[in-house]
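Counting begins at 1 with the first residue of the sequence. Indexing begins at 1, ligand by ligand and atom by atom, following the structure's order.
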Amino acid sequence: MNDLMEKIVSLCKRRGFVFPGSEIYGGLGGFYDFGPLGVEMKNNLKTFWWRWMTKSHNNIVGIDGAIITNPKVWEASGHVKNFVDPLVECKKCHHRFKADDISGDKCPDCGGPLTAPKIFNILVPTRLGVIEGEKTDAYLRGEACQTIYLDYKNVLDSSHLKIPFGICQIGKAFRNEVTPGNFLYRQREFEQWDLEWFCHPSEMEKWFEYWKNERMTWFKSIFTHPENLGFYQHKKLAHYAKKAFDIEYQASPIGREMEGIHWRGDWDLSGHAKYSGQDLSYTDLETSEKFIPNVIETSGGVDRCLLFLLMDAYTEESDRVVLKLNPKVAPYKAAVFPLLRNKPELVAAAKKIYDDLRKDPPAGGQVAWDDRGNIGKRYYSQDEIGTPYCVTVDFDSLEDKKVTVRDRDTMKQERVFIEELKDYLKEKLD
Ligand code: ATP
């Protein structure tokens with residue numbers, strides 16, 4: 001594994017961001033659990049995405065669909081037939097690779113000869129029911145977005161939305177990846193955030209460019225080094241697509257794809273209309289025009305985004321490791337320390353500030369407490385998990401009612417009135 005990846009994987013486990021799934025039983029390839037810090041960071045990220053989608057745009061609504069659907073869905077979507085990955089295996093070291101990732105006919109690991117590609121369907125099957133012989137075959141959803149197409153008509157009928165409009169969702173997807181690996185990058189269970197934007201066929205060009213730019217602007221607003229983000233234009237296109245782009249984290253030592261911007265035309269709604277026998281067309285009430293809406297999709301990986309944010313924020317300086325995470329996604333917004341743990345008056349004053357910050361915005365519960373070791377060790381510990389501000393209560397605080405606030409990135413310290421601390425942090429964190 002690459003050096004940076006090794007450091008990230010180790011930090012994630014040591015500090016409680018991400019753990020290998022079912023580790024006490026030896027783990028299970030391609031499954032991970034988010035620990036106390038990881039879940040805070042992931043929730044911050046998802047909330048930021050959700051608010052931006054549904055609150056910054058007045059014509060986007062959300063859903064939360066079921067993971068298991070009628071299996072016909074996956075026939076209609078083409079996944080039962082086409083959701084396949086060709087796999088090659090090295091005859092010498094038996095390592096397996098996605099055929100698409102290999103350029104020659106030799107094993108990239110040992111130079112051995114490779115088998116001919118074998119085709120595998122990567123949908124994850126499951127069985128429903130309790131009585132053997134009466135069980136029904138189903139699938140865990142291979143991509144979250146299908147539920148949006150299934151609910152499109154219900155959303156339309158239960159709301160006042162008019163085209164163009166969007167439906168978004170964050171949810172789990174499952175794939176029997178032939179080569180799970182690279183930590184969160186290629187898992188068998190992962191989370192996606194999708195927007196399906198329904199519009200008139202004549203407006204596809206305009207909206208495609210709009211969403212391509214909107215999504216890039218959004219990602220740039222949370223990465224530490226936005227210059228590491230770029231577009232990849234697909235050369236091979238699905239027959240219904242006019243163009244397709246990926247938003248990539250281009251400094252990644254492993255894969256780069258983070259989100260796809262897809263031109264889906266009327267492929268999905270027409271497919272589901274045909275298989276279900278339902279009318280999924282849209283009627284414009286002003287012009288009476290009836291048509292199948294065309295769709296632009298933005299489909300991204302929450303876990304991949306989180307991994308890339310960690311990579312981008314990871315910084316080694318002469319005497320510290322610091323995650324220069326955007327405060328919006330950092331697991332803790334602030335940490336509070338009493339200078340000494342054995343001085344009850346300092347501990348009491350610090351606890352009051354800690355409780356206050358935990359209850360109210362701007363920190364909104366995401367505040368750490370640390371009274372171990374010395375101040376230097378506590379700063380080191382908070383830097384490593386990306387806490388933007390550390391607040392220390394010392395003996396002077398009891399007299400002048402001020403605390404020392406230390407900035408993670410500049411390491412500069414300021415004395416701030418306890419009374420003004422919330423406003424100070426609010427301004428900084430915004
Ligand atoms: P890849 O080419 O890497 O297999 P994909 O093009 O099949 O990805 P999509 O089906 O477009 O991916 O899914 C949308 C997003 O979901 C991807 O851009 C990625 O961020 C995320 N994603 C896809 N597969 C995985 C996986 N196995 N583990 C984690 N995230 C994934």
Side-chain angles (χ1 to χ4, degrees), residues 5 9 12 18 20-21 28-34 38 42 45-46 49 74 77-79 82-87 96-102 120-124 139-149 168-196 211-212 215-216 218-219 222-223 229-238 240-241 243-250 252-264 267-268 295-311:
M5 275 291 280
V9 173
C12 279
V18 182
L28 186 63
F31 293 91
Y32 289 89
D33 295 339
F34 284 80
K42 200 178 186 195
L45 191 54
K46 290 195 288 186
W49 184 93
W74 303 100
S77 66
H79 284 77
N82 301 321
F83 203 36
V84 290
D85 258 346
L87 170 83
R96 290 172 179 173
F97 307 93
K98 281 175 87 168
D100 297 350
D101 295 343
I102 301 276
F120 289 91
N121 189 295
I122 61 174
L123 276 177
V124 179
Y139 301 100
L140 303 186
R141 64 184 176 194
E143 56 180 27
C145 65
Q146 286 301 324
T147 338
I148 297 182
Y149 299 122
C168 68
Q169 179 181 228
I170 301 178
K172 292 264 187 172
F174 302 80
R175 297 183 185 174
N176 260 326
E177 293 281 1
V178 297
T179 53
N182 278 332
F183 195 38
L184 301 181
Y185 187 81
R186 193 168 297 288
Q187 301 169 85
R188 288 168 164 154
E189 173 179 343
F190 55 96
E191 212 161 6
Q192 295 183 309
W193 46 38
D194 295 319
L195 165 71
E196 308 297 325
W211 283 111
K212 190 176 147 217
R215 292 303 296 140
M216 181 58 100
W218 185 83
F219 279 112
I222 49 168
F223 272 73
L229 300 174
F231 286 113
Y232 167 78
Q233 181 167 16
H234 283 265
K235 316 272 174 320
K236 266 203 307 205
L237 292 175
Y240 49 77
K243 43 190 168 181
F245 285 83
D246 288 342
I247 294 180
E248 296 187 324
Y249 178 64
Q250 299 181 329
S252 166
I254 50 167
R256 296 167 153 201
E257 177 184 333
M258 181 157 60
E259 177 158 309
I261 317 292
H262 302 133
W263 179 300
R264 309 235 17 130
W267 170 251
D268 307 272
V295 170
I296 290 148
E297 170 181 82
T298 71
S299 178
V302 182
D303 316 72
R304 277 194 196 175
C305 179
L306 185 138
L307 172 62
F308 291 147
L309 283 168
L310 290 174
M311 283 182 186

Query - Lys/Arg cation over aromatic Phe219: Arg215, 6.0 Å, 45° cone - result: yes
Report task. Just say parallel, tilted or perpendicular for the rings of Trp193 and Trp49, cut-offs at 30° and 60°. Result -> parallel
Query - Side-chain donor/acceptor of Arg96 to backbone N/O of Val178, under 3.5 Å - result: no
Report task. Could you check Glu143, Gln187, Glu189 and say which one makes a side-chain contact (heavy atoms from CB on, under 4.5 Å) with Arg175? Result -> Glu143
Query raised in the report: Relative to the heavy atoms of Leu184, which atoms of ligand 1 are at a distance of less than 4.0 Å?
Result: 29 (C)
Requested in this report: Give the numbers and elements of all ligand 1 atoms closer than 4.0 Å to a heavy atom of Glu259.
Outcome: 18 (O)
Report task. Please identify which atoms of ligand 1 are closer than 4.0 Å to at least one heavy atom of Ser299. Result -> 14 (C), 15 (C), 18 (O)
Query raised in the report: Does Glu143 have a non-hydrogen atom less than 4.0 Å from ligand 1?
Result: no
**Report entry** Ile296 side, atom CD1; Ile261 side, atom CD1 - distance, nearest 0.5 Å
**Finding:** 10.0 Å
Report task. Give the residue and atom name of whichever protein heavy atom lies nearest to atom 21 (C) of ligand 1, and the separation in Å to one decimal. Result -> Gly301 CA, 3.6 Å
Query raised in the report: Which ligand 1 atoms does Glu177 reach within 4.0 Å, using its non-hydrogen atoms?
Result: 24 (N), 26 (C), 27 (N)
Report task. Any atoms of ligand 1 less than 4.0 Å from a non-hydrogen atom of Tyr185? List them with their elements. Result -> 26 (C), 28 (N), 29 (C), 30 (N)
**Report entry** Residue pair Phe34 / Leu184, side-chain heavy-atom distance below 4.5 Å
**Finding:** yes
Report task. Could you pull out all residues at least two apart from Ala144 that satisfy side chain to side chain contact (heavy atoms under 4.5 Å, CB included)? Result -> Arg141, Gln169, Gln192, Asp194
Report summary line: To the nearest 0.5 Å, atom CG of Asp100 lies from atom CG of Leu87 at 11.0 Å
Query - Proximity flag Lys98 to ligand 1, non-hydrogen atoms under 4.0 Å - result: yes
Requested in this report: Kindly say whether the aromatic ring centers of Tyr32 and Phe183 come within a distance under 6.0 Å.
Outcome: yes
Requested in this report: May I ask you to identify, for Arg304, whether its side chain, its backbone, both or neither come under 4.0 Å of ligand 1 on a heavy-atom basis?
Outcome: side chain
Query raised in the report: Measuring from the heavy atoms of Gly255, does anything fall under 4.0 Å of ligand 1?
Result: no
Query - From CH2 (Trp74) to CD (Gln146), nearest 0.5 Å - result: 5.0 Å
Query raised in the report: What protein heavy atom sits nearest atom 1 (P) of ligand 1, and how far off is it?
Result: Arg186 NH2, 3.6 Å
**Report entry** For His262, the ligand 1 atoms whose distance to one of its heavy atoms is below 4.0 Å
**Finding:** 11 (O)
Query raised in the report: Thinking salt bridges, do Glu196 and Arg264 make one under a 4.0 Å N-O criterion?
Result: no
Report task. Can you pull out the closest protein heavy atom to atom 16 (O) of ligand 1? Residue, atom name and distance to 0.1 Å, please. Result -> Gln192 NE2, 3.2 Å
Report task. Classify the contact between Met258 and ligand 1 as side chain, backbone, both or neither, using a heavy-atom distance cut-off of under 4.0 Å. Result -> backbone
Report task. Mind checking whether Glu189 contacts ligand 1 via backbone (N, CA, C, O), side chain (CB onward), both or neither, at a 4.0 Å heavy-atom cut-off? Result -> neither
Requested in this report: Among all protein heavy atoms, pick out the one at the shortest distance from atom 28 (N) of ligand 1; state its residue, atom name and that distance to 0.1 Å.
Outcome: Gln187 N, 3.0 Å
Requested in this report: Starting from atom 17 (C) of ligand 1, find the nearest protein heavy-atom neighbour and note its residue, name and distance.
Outcome: Glu257 OE2, 3.4 Å
**Report entry** Which residue and heavy atom of the protein sit nearest atom 7 (O) of ligand 1, plus the separation
**Finding:** Arg175 NH1, 3.1 Å
Report task. Please report which non-hydrogen protein atom sits nearest to atom 22 (N) of ligand 1, along with the residue it belongs to and the distance in Å to one decimal place. Result -> Phe190 CE1, 3.5 Å
Requested in this report: Report yes if some heavy atom in the side chain of Phe83 is under 4.5 Å from a heavy atom in the side chain of Ser77; otherwise report no.
Outcome: no
